[in-house]
Amino acid sequence: MRYSPLITGILLAALLALAMVPVHADDIPTVTIGSYTVSPSVLMPGSTGTITIIINNTARSASVTQESGELQSSTYTNIRTNDVNVNIENVHLEGNGIKVLTADFDRVGAIGPGQSISLTFQVVAPDNAGLYYPEVWVDTLGGQSTKYPVLVNVDTPIGIQKQAVLVMASTINGTVSPGDNIPVMLTLTNEGQFLADDIILKVDNVSGDIAPKYTDTYDLGALNANESGTVQVVLLSDIQASPGLVRVPVMISYKAIDGTPVTQPANIDLVLEGKAELGIVSVDTNPSPLVDSQPFDFTIRIENTGTGDAKQVAATIDLPAEGTKEAFIGKIKPGDDAPALFLIEGMKGGTYPYNLSVTYTDDLGNHTFVRPMMLRVPPSDNFGDVILGIIILGIIAFLAYRYWYLPRKNSDGMFSWVKKN
């Protein structure tokens, strides 16, 4: 077959143009399904859910280079580089047992190198439980079609990701009161079915009542399923803290088996029990000083230096005297004092040892404390009476001497003032 000179020239020009514009593809642009999400993760039969897919352009630097110059000398003077996008024509979800409510996505558009796009399909689960695999079909302009299966779980336990489940328990020995150091044993148990790694406990100081004494962060490492770990925590309580329930927050953080960071809250619950401490402030009498054998008021002031209320406070004394020797006080708050009043009918002068007994209750139970004490009653001052008695005795002695002893001494039996015949 012979061609005309015109046709021959056109063919040569086309061949020359192809030779002048070679195409270089550093990375052939294609698309893949980077990830997908089924929500909810387990569908119930007949329920509605969604499937979200992420389409990625895998090429990082797809380009076309245009060159021009003298073909005979193989020298090119102009070079132009342009990124080549992937143009998505259609995205379709083939149900394969799953009913797809969303229509195909047509003419999605171009995705640049390294870029991605998210598309969501609404679906309805079938009536029968099981695992279903619908397929995502992606058609590109001038490229290859991509198919990707998606797992949809309809009411089956298969394929459900099981996590680590950490449960914390706290143990406190004995009772604790405001101002005490509180040792707490924390036991952390993995009740899930997968490993929990890089476990860290952090004790929060949310108030001024309770705070970690040494450190607030504790590293437990890793716990396998059904494995437990313990850590000793020491808490410091404020002496001014109010008795009652105190909740100390603890934050547990760890990494799941897939490396996902997880945090969950927990608490240390403890009860601060108020402890009363009673003592003697003062002892007063009225009148002061006491008078021998005279009635008097006897007041003993009792103070509470503890951290809890002293309730049902009562006091007794065992003085060897008649009177009111019991006193009911009631409640004494921390930092306060109250009087115990006794009425004594009278005691002779002397020093009397006695015991003060105080009974009371607090958050820890019933208590009694006994304090040995001493009471002194000054003896009466009889000096004046003694002097008067001496004077009277002196007068009597003088009269007896003058008017009785001397006449007898003269042997006449007569008083000196009687004249003799």
Side-chain angles (χ1 to χ4, degrees), residues 40-42 153 155-277 306-309 311 334 361-367:
S41 59
V42 178
N153 187 343
D155 195 22
T156 69
I158 303 175
I160 300 175
Q161 184 178 8
K162 299 186 174 91
Q163 299 290 342
V165 179
L166 299 184
V167 178
M168 189 187 77
S170 57
T171 303
I172 301 173
N173 293 326
T175 60
V176 293
S177 300
D180 289 350
N181 289 339
I182 308 171
V184 183
M185 179 68 73
L186 298 182
T187 302
L188 200 64
T189 303
N190 184 358
E191 296 186 358
Q193 299 187 20
F194 279 94
L195 172 75
D197 199 7
D198 294 337
I199 302 173
I200 295 177
L201 299 182
K202 181 175 176 57
V203 182
D204 290 338
N205 181 14
V206 296
S207 68
D209 293 343
I210 302 292
K213 184 175 182 180
Y214 302 116
T215 180
D216 60 354
T217 303
Y218 301 85
D219 188 355
L220 272 75
L223 289 177
N224 291 308
N226 300 318
E227 188 177 7
S228 298
T230 59
V231 62
Q232 184 76 27
V233 177
V234 179
L235 303 176
L236 179 63
S237 61
D238 189 349
I239 195 171
Q240 301 296 331
S242 299
L245 176 65
V246 179
R247 175 161 291 177
V248 182
V250 177
M251 187 59 65
I252 304 173
S253 61
Y254 64 94
K255 290 182 181 179
I257 192 170
D258 59 356
T260 303
V262 180
T263 59
Q264 68 179 67
N267 296 296
I268 301 173
D269 292 332
L270 53 91
V271 178
L272 291 179
E273 297 180 310
K275 182 180 180 181
E277 294 284 349
T307 59
D309 292 343
K311 294 164 284 189
T361 64
D362 59 13
D363 293 342
L364 302 180
N366 299 323
H367 307 277

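Just so you know, residue 1 is the first one in the sequence shown, and it goes up from there.
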| Within-4.5 Å side-chain heavy-atom neighbours: L201 and V203 | no

| query | What closest approach, in Å, do D309 and P334 show between heavy atoms, and which atom pair accounts for it? | reply | OD1-CD, 3.1 Å

| query | Is the shortest heavy-atom distance from the side chain of P183 to the side chain of N173 under 4.5 Å? | reply | no

| field | Spatial distance of atom CG (L220) from atom CG (L188) [nearest 0.5 Å] | value | 6.0 Å

| task | With sequence neighbours left out, write down each residue that passes salt bridge (charged side-chain N to carboxylate O under 4.0 Å, His left out) with D363, or none if nothing qualifies. | result | K311

| query | Given the rule in the side-chain contact (heavy atoms from CB on, under 4.5 Å) test, do I210 and I182 qualify, once you have shown the distances and angles that lead to the verdict? | reply | CA-CA 9 Å; I210 302 292; I182 308 171; 4.2 Å; yes

| T263 side, atom OG1; Y254 side, atom OH - distance, nearest 0.5 Å | 9.0 Å

| query | Is there side-chain contact between Q232 and Y218, with at least one heavy-atom pair below 4.5 Å? | reply | no

| query | Got a sec, which pairs hit salt bridge (charged side-chain N to carboxylate O under 4.0 Å, His left out) with one end in residues 263-275, sequence neighbours left out? | reply | R247-D269, K275-E277

| field | Non-neighbouring partners of I239 that pass side chain to side chain contact (heavy atoms under 4.5 Å, CB included), sequence neighbours left out | value | T307

| said: Using only atom types and a distance under 3.5 Å, with no angle test, would you say the side chain of Q264 pairs donor to acceptor with the backbone of L166? | reply: yes

| query | Sequence neighbours excluded, which residues qualify as side chain to side chain donor-acceptor pair (under 3.5 Å) partners of S253? | reply | none

| message | For a 4.5 angstrom cut-off between non-hydrogen side-chain atoms, does L236 reach V234? | response | no

| field | Qualifying residue, where the test is side-chain contact (heavy atoms from CB on, under 4.5 Å) with M168 and the options are N267, V231, I268 | value | I268

| query | Is any side-chain heavy atom of V250 closer than 4.5 Å to a side-chain heavy atom of V233? | reply | no

| task | Applying salt bridge (charged side-chain N to carboxylate O under 4.0 Å, His left out), name anything that partners K213, two or more places apart in sequence or on another chain. | result | none

| request: Only counting residues at least two apart or in another chain, list the ones meeting side chain to side chain donor-acceptor pair (under 3.5 Å) with S177. | output: none

| said: Please enumerate all residues that pass side chain to side chain contact (heavy atoms under 4.5 Å, CB included) together with T187, with sequence neighbours excluded. | reply: M185, T189, S228, T230

| query | How would you list, by chain and number, every residue that makes a side chain to side chain contact (heavy atoms under 4.5 Å, CB included) with A222, sequence neighbours excluded? | reply | L195, D197

| task | List the atom of L272, the atom of S237, and the distance in Å for their closest heavy-atom pair. | result | CD2-CB, 4.3 Å

| said: Run the salt bridge (charged side-chain N to carboxylate O under 4.0 Å, His left out) test against D198 and tell me which residues pass, sequence neighbours left out. | reply: K255

| field | Any donor-acceptor N/O pair, D362 side chain to G308 backbone, under 3.5 Å | value | no

| said: For T260, give me all partners under side chain to side chain donor-acceptor pair (under 3.5 Å), at least two apart in sequence or on another chain. | reply: D258

| note | Residues at least two apart in sequence or cross-chain that pass side chain to side chain donor-acceptor pair (under 3.5 Å) with D216, listed by chain then number, are K202

| field | Check: A241 main-chain N/O paired with D238 side-chain donor or acceptor under 3.5 Å | value | no

